[in-house]
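What follows is a set of notes on a single structure, which appears directly below.
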Protein chains: 2
Amino acid sequence: MGETIQSVERAAAILRLLASGPRQLGVAELARALGLPKGTLHGILRTLVRVGFVEQDPATGKYRLGATLLHLGSSYLDVNELRTRAINWADALAGRSRESAWIGTLHEGHVLVIHHVFRPDDSMQTLQVGTYLPTHASALGKVLLAYDPYGETLVPLQPHTKNTIADPGLLETELELVRTRGWAAEMEELTEGEVAIAAPIKDSRGIVVGAIGIRGAVERLAPEGVLHMEFVSYVRDAARAITRDLAR
Amino acid sequence: MGETIQSVERAAAILRLLASGPRQLGVAELARALGLPKGTLHGILRTLVRVGFVEQDPATGKYRLGATLLHLGSSYLDVNELRTRAINWADALAGRSRESAWIGTLHEGHVLVIHHVFRPDDSMQTLQVGTYLPTHASALGKVLLAYDPYGETLVPLQPHTKNTIADPGLLETELELVRTRGWAAEMEELTEGEVAIAAPIKDSRGIVVGAIGIRGAVERLAPEGVLHMEFVSYVRDAARAITRDLAR
DNA sequence: ACCGCGCGTTCGGCAATACCGAACCGCACT
DNA sequence: AGTGCGGTTCGGTATTGCCGAACGCGCGGT
């Protein structure tokens, strides 16, 4: 692989840093974080402001992400073929299961949510498209890890609830189970009271390119801790349908 | 204003071009569009691929937007203060009016949708956050134009339906009306059968920083072509509440 | 009231940097 | 086979954007 352009890489690093927290960052902070002189950073920031990728708070002088990025991000959704093909099936899945439906892909060690259908008759939810879920503590993530051809580098297994699988060995046996069953469950391992189910979506060559699943209250999906298998078949049906659609 | 960094500006231009249509673009196409040598573009593209802003189709070699941008875009939503403050009020507005609620800002001659609450009891809608609405053919846009301190350069007034205001003079009198009334309506000017209402959101200095509104079927919001004024007050109440909130 | 620190910003010289154009390779269509 | 069009590579060149020091400002401690 060849060389890359320094200033563009640095610009990307700045954007990632600005996106890493809701806080606005100043030139000095960025300079310290990236180990670069202030003047250098200022030049890149000035350019990023001009193209709308970054905005500067007129009061404090600090920098934050710009609105153009929101538009670029939503344009990505139009381009993404998996999402385009899967949208209708996700709607159907949400309708049948009466729970929220989710589609995700593996991205930089996280599950990137590329589609999210709200639970029917419950509109007071915030949309999660574009956010990350942890791979080890979500059903989507387990599916994606289990079928990951590259054996993704595991980030530290951060615990979220008392049920989170935080031990690498345990996670590996769980992934083995996912591979043999062909679907994954997550029982209050990310949020207390919430349960999720997911299954893999494959492309025409049989490679797993994403996962689809549902997520909802434990009382509905798994009363007394036992999953209702009908939900599992809803999810697997949807996953198979999309896979078939992609093969066409 | 000082100089800007060439390569970063070019990288941004590439991203904008890739976002302008759902089609994937090749090096040669980009080179022609931007008037740059192929080699130069390839270098920038290679870098953009490395940082995840762009993906390359392994089959065709063509380029498309990358998943990292989706994540950056959603991070913008966390940073955006207007949206953070307005979310709850938008939920309330959607609940009271039983229609979909929208929040938008002026951005590069368009209305950028920064929040969107689905109509209650109707989840089969696609989320429009991050997309553009035309300024002259949407209620949000009319509000933003009417109160725009910079007198935004008007893009050509493209007609969408037979009701679209396509004449600059007529639009100006309409904006005058918006300024005197303090709110805007849009009667099937963007989509047949749909009507919208919007009102301005101001910051602590009284400058309009966004607009909030609702949108729905003409039968419900304006039967026989006459707006139900209760909807107007819902919208204006929400706008005033957010304005008050921002002043705090 | 003052001083000093930290901030964002400016500037100009230097050399490293990233442009550029021509050549390369593979594919598809003629 | 040939030809044109894709994406990619490469090395010389001078343009480019880095860098570090200096500036102006606002704030908080003294």
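Numbered from 1 within each chain, the chains take letters A, B, ... in sequence-line order.
Among residues at least two apart or in separate chains, there is no salt bridge (Lys or Arg N to Asp or Glu O under 4.0 Å) pair with a member in residues 68-78 of chain A. Judged as a salt bridge (Lys or Arg N to Asp or Glu O under 4.0 Å), not a single pair has a partner in residues 31-43 of chain A (not counting sequence neighbours).
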Distances under 3.5 Å only, N/O to N/O: pair up the protein atoms with those of nucleotides 17-19 of chain D.
from: D/dG17; atom 1: OP1; to: B/Gln6; atom 2: N; distance (Å): 2.5
from: D/dG17; atom 1: OP1; to: B/Ser7; atom 2: N; distance (Å): 3.1
from: D/dC19; atom 1: OP2; to: A/Arg10; atom 2: NH1; distance (Å): 3.4
from: D/dC19; atom 1: OP2; to: A/Thr40; atom 2: OG1; distance (Å): 2.9

Worksheet, complete the sentence: Quick tally for nucleotides 23-30 of chain C: nucleotides whose base has a protein heavy atom under 4.0 Å get B, sugar-phosphate-only ones S, the rest -, giving --------

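The CG-P distance, from B/Leu41 to D/dT9, rounds to 15 Å in whole Å. A/Leu48 places its CG atom 15 Å from the P atom of C/dG8, with the value rounded to the nearest Å. If you measure from atom CG of B/Leu34 to atom P of C/dC19, you get 13 Å, rounded to the nearest angstrom. Here the P atom of nucleotide D/dG7 and the CG atom of B/Leu45 are 9 Å apart, to the nearest Å. The CZ-P distance, from B/Arg50 to D/dT8, rounds to 14 Å in whole Å.
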Could you pull out all donor-acceptor pairs under 3.5 Å where a side-chain atom in residues 139-147 of chain B meets a protein atom, sequence neighbours excluded?
from: B/Lys142; atom 1: NZ; to: B/Glu174; atom 2: OE2; distance (Å): 2.9
from: B/Lys142; atom 1: NZ; to: B/Ala185; atom 2: O; distance (Å): 2.9
from: B/Lys142; atom 1: NZ; to: B/Glu189; atom 2: OE1; distance (Å): 2.8
from: B/Lys142; atom 1: NZ; to: B/Glu189; atom 2: OE2; distance (Å): 3.3

Side-chain donor-acceptor pairs of residues 59-66 of chain A under 3.5 Å, sequence neighbours excluded:
from: A/Thr60; atom 1: OG1; to: A/Lys62; atom 2: N; distance (Å): 3.2
from: A/Lys62; atom 1: NZ; to: A/Glu29; atom 2: OE1; distance (Å): 3.4
from: A/Tyr63; atom 1: OH; to: A/Gln56; atom 2: NE2; distance (Å): 3.3
from: A/Arg64; atom 1: NE; to: A/Glu55; atom 2: OE1; distance (Å): 3.2
from: A/Arg64; atom 1: NH1; to: A/Gln24; atom 2: OE1; distance (Å): 2.7

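Partners of B/His160 by ring pair (Phe, Tyr, Trp, His ring centres under 6.0 Å), not counting sequence neighbours, listed by chain and number: B/His136. Checked against side-chain contact (heavy atoms from CB on, under 4.5 Å), B/Ile207 has the following partners two or more places apart in sequence or in another chain: B/Asp203, B/Arg205. With sequence neighbours excluded, the residues satisfying side-chain contact (heavy atoms from CB on, under 4.5 Å) with B/Ala11 are A/Val8, B/Ile44, B/Leu48. Scored by the side-chain contact (heavy atoms from CB on, under 4.5 Å) test, A/Ser100 finds A/Trp102, A/His116, A/Arg119, A/Gln125, A/Arg215 as partners (sequence neighbours excluded). For B/His71, the ring pair (Phe, Tyr, Trp, His ring centres under 6.0 Å) criterion is met by A/Tyr132, not counting sequence neighbours.
Of all heavy-atom pairs spanning A/Glu108 and B/Thr68, the tightest one is OE2-OG1, 3.7 Å.
Considering only side-chain N and O atoms, A/Tyr63 lies nowhere under 4.0 angstrom from the phosphate OP1 or OP2 of C/dC7. Listed pair B/Gln56 / D/dT8 meets the phosphate criterion, a side-chain N or O lying under 4.0 Å from OP1 or OP2. For D/dG7, neither phosphate oxygen OP1 nor OP2 lies less than 4.0 angstrom from any side-chain nitrogen or oxygen of B/His42.
The separation of C/dA15 from C/dC19, taken at their C1' atoms, amounts to 15 Å, rounded to a whole angstrom.
At distances below 3.5 Å, at least one donor-acceptor pair connects side-chain atoms of B/Arg85 with backbone N or O atoms of B/Asp245.
DNA chain C is contacted by no residue of residues 18-33 of chain B, taking any non-hydrogen atom closer than 4.0 Å.
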